[in-house]
Amino acid sequence: MTRPEIRRFPDAEALSAGAAHEIARQIERAVAERGQCRLALAGGSTPQPVYERMAERDLARRIDWNRSIVFWTDERCVPPDDERSNYRMAMDALLRHVPVLTGNVHRIEGELDPEAAAGRYAKALGDEPLDLVLLGMGGDGHIASLFPETPDLRPADARVIATRSPLPPVRRVSLSLRTLNEARSVLFLVAGASKADRLAEAIRQSCSAAPSLPAAMVRPQALSWFVDADAAGRL
Ligand code: 6PG
């Protein structure tokens, strides 16, 4: 694994703008090369301003929303209108404001039993690789809903798994490490000084044969880290 590309930005606002432009560029490229872009959106707080920037007219017009197929990397097992829902966050910040086709938006049904939701989502996801996956990184190095030192990190065939989080909401549904690593491109979004030590550790482990951090286990065809100066403080 070559050392991943790291793009540093002076602050969170510049990071959001830079990431939004890069995401638009990668969606354009996927549509040009393959006629569509299968995109998985991250949850949490860091992506929200990125999605809001993507919804602004200049970028929203660049993206071919008719050919964008939208998924999520993971979901908390809560109803879709719950304020903790990753689906609700992305709908409010981006998807309600752009002409994405309803049939191309595949939410994880957090209101269902996690195993049932995982099975239904795996069917919607299918076997094709994702073109672009957006990920955040938790302070413990978790990604999506894949947490350190859990069996969910073991190599497995499943593309979607029901998991448990040490942080509430405990019950989750997540793309598996297999699905993340089959992606054509993964773009990490990491901001804030609280992530600096863990980010440095994840980058150090990214070339290791036996990484311990989930964030260091993500080894897709193309990988880039979009970080602000605070998060990059230990690099
Ligand atoms: C979630 C996310 C989770 C998130 C990280 C970072 O459901 O919360 O999938 O993996 O990306 O916890 O979250 P922040 O961006 O809020 O720091």
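Start at 1 and go down the list; that is how both ligands and their atoms are numbered.
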By ring-ring contact (aromatic ring centres under 6.0 Å, His included), which residues pair with F226, not counting sequence neighbours?
F9
Salt bridge flag under 4.0 Å for residues E201 and R204:
no
Using distance alone, with no hydrogens and no angle criterion, decide if S145 and D74 have a side-chain donor and acceptor under 3.5 Å apart.
yes
Single hit among L125, N104, V70 for side-chain contact (heavy atoms from CB on, under 4.5 Å) with R38:
L125
Short question: side chain of T179, backbone of R159 - any donor-acceptor pair under 3.5 Å?
yes
Taking only heavy atoms of the protein into account, state which residues are under 4.0 angstrom from an atom of ligand 1, in chain and number order.
G43, G44, S45, T46, D74, R76, N86, G136, M137, G138, H142, I143, A144, R172, K195
When the ring planes of F71 and H106 are compared, do they come out parallel, tilted or perpendicular, using 30° and 60° as the limits?
parallel
